[in-house]
Enquirer: 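Sharing a structure here in structure tokens format.
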Amino acid sequence: MAFPKTALLAAALAVIPSVYSYWIFGGTPPVVTTRLDSIVSPGQVGTHVHAVAGGSRFQATYDFDDLSKSQCSTIPVQPDKSNYWAPQLYYNDPDAGTFTPIPTSFNIYYLMRPGPKNEKIHAFPTGLRMLAGDPNRRVNNASSFADQALTYVCLDFNQDHSGDPDWEERPDFFPHQCPDAMRAQVFFPSCWDGKNLDSPDHKSHMAYPIQNFNSGDCPDTHPVHLVSLFFEMFVSVDQFPYAPGRWVYSFGDNGGLGIHGDFQDGWTDKSILQSAIDDCNDVQGNAQDCPILKANMNQAAASACKPEMNIVNEAVGFTGPLEELPGCNLLWTGTGPKPTCNPMPPTPSFVSPKTPLPSGWHELGCIAEGTKGRAFTSASTTNDAMTKAVCANFCSGLGFPYAGVEFGRECYCGNGFSNGAVNTTVTWSDCSNTCSGNRNENCGGPDRLTLLYNPTLH
Ligand SMILES: *[C@@H]1O[C@H](CO)[C@@H](O)[C@H](O)[C@H]1NC(C)=O
Ligand SMILES: *[C@@H]1O[C@H](CO)[C@@H](O)[C@H](O)[C@H]1NC(C)=O
């Protein structure tokens, strides 16, 4: 999912000497997609839906200590429990008027970008928060570093359109389809004031370097040069028919200038990040080439990672197209003010990302299937709306104390363990299959059951 060698990326990073090292956490999926923003709207339902990558304890309000307790991160290097987020992009169907979320992943770049003074590059200070971009931006200022840091790339692997200005990297959406998806790109400021982990506008404690938005020496006001953070939000616009103005951010913007990115530091061990910065001088994109990063990778945990904390109790489009974008987010075209809602939509409550188990049932963990056949043989069902709760209810109704979900959509019941299966849990991340009925929880895995038990039925 990372394309460091393409001509398009080379154009994006053309001002940077290639000798500087960088690595990419490529193809990182969101851990959750919900209407929360712990930086801009702490403690509240946010103004618009975000796709959030990284640590599993993302929530309405938290601090570094809370985030660092995340069970997992969608980033393979598990000590990076940071959260990285951006507005969810939707496809607005021109006939039905509905909104469907466009599949999204992130390529997260860490770049060593000192200027002519060759300043030392530092790991993020613990708990740093920052914002780049602004959902209210309606005009591009080509001479502003903050605006230059926000770009779009149209992926066209055949390169049929090289030299055509309509296909070049640009500050807003393209006036045509992107045959191999689109990237929305956010380059964060890398110079820190050395004092504040956040600021009222979530920006002024940070600054872009003197010479360029993506490299250079830090100004005296913000003298601490941090590792540069850049992410590409990879959106599969190619999976939907193209029509002008039909790519719409969760806040209603169908032009693209309102792209923004948020970062909340959650690196649990800064010595790992600092060692990677200091010692992995030859790495050109592949994080596996940096020994300390490689040693801390756990792809199984990253792939199995699901949100732990409350989300907003509303559909965001994954179970069917939405009639309206969540929150007060009417289509917002052109350069005029954001349309307002009358009446305002009601504010939903918070809810657990997992479907609650019926009374008496407990989750005991991930177990292996039987060696000679199925662990539970008394009853089974399979469907596209499977959750742990659905399975527990099914087995409860038949009077069985054990229930196990497997492969995301299968449910098995029993009075005890059969075929050599035992009541011993295996690594949690073996149960890595998303439940067919809830994308925020796992229902077993290949040859693995998430085990549910109700002692009152025993
Ligand atoms: C555009 O950005 C430049 C550089 O930051 C700034 O000096 C200028 O005032 C900006 N122009 C507008 C219209 O905001
Ligand atoms: C299975 O193991 C769990 C966790 O150790 C325990 O709570 C439960 O009682 C066990 N069930 C049986 C039937 O042994």
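Keep in mind it's a predicted model, so treat the numbers as computed, not measured. Start at 1 and go down the list; that is how both ligands and their atoms are numbered. Side chains included, hydrogens not; waters and symmetry mates left out as well; all remaining heavy atoms used.
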Enquirer: Is the gap between the ring centers of F251 and H260 under 6.0 Å?
Expert: yes
Enquirer: Among all protein heavy atoms, pick the one closest to atom 11 (N) of ligand 1 and tell me residue, atom and distance.
Expert: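 Checking every protein heavy atom, the shortest distance to atom 11 (N) of ligand 1 gives N141 ND2, 2.8 Å.
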Enquirer: What is the closest protein heavy atom to atom 4 (C) of ligand 1, and at what distance does it sit?
Expert: S143 O, 3.5 Å
Enquirer: Hydrogens and angles aside, do S199 and N196 bring a side-chain donor and acceptor to less than 3.5 Å of each other?
Expert: no
Enquirer: Quick one: list whatever passes side chain to side chain contact (heavy atoms under 4.5 Å, CB included) with K294, sequence neighbours left out.
Expert: Q288
Enquirer: Taking atom 7 (O) of ligand 1 as the reference point, report whether a protein heavy atom occurs under 4.0 Å from it.
Expert: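 Protein heavy atoms within 4.0 Å of atom 7 (O) of ligand 1 - there are none.
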Enquirer: I'd like to know if atom 2 (O) of ligand 1 has any protein heavy atom within a distance of less than 4.0 Å.
Expert: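 Flag for atom 2 (O) of ligand 1 set to true, protein heavy atom closer than 4.0 Å.
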Enquirer: Ignoring hydrogens and angles, state whether a donor on the side chain of N310 or Q59 is under 3.5 Å from an acceptor on the partner side chain.
Expert: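 There is no such pair (donor and acceptor under 3.5 Å, judged by atom type) between the side chains of N310 and Q59.
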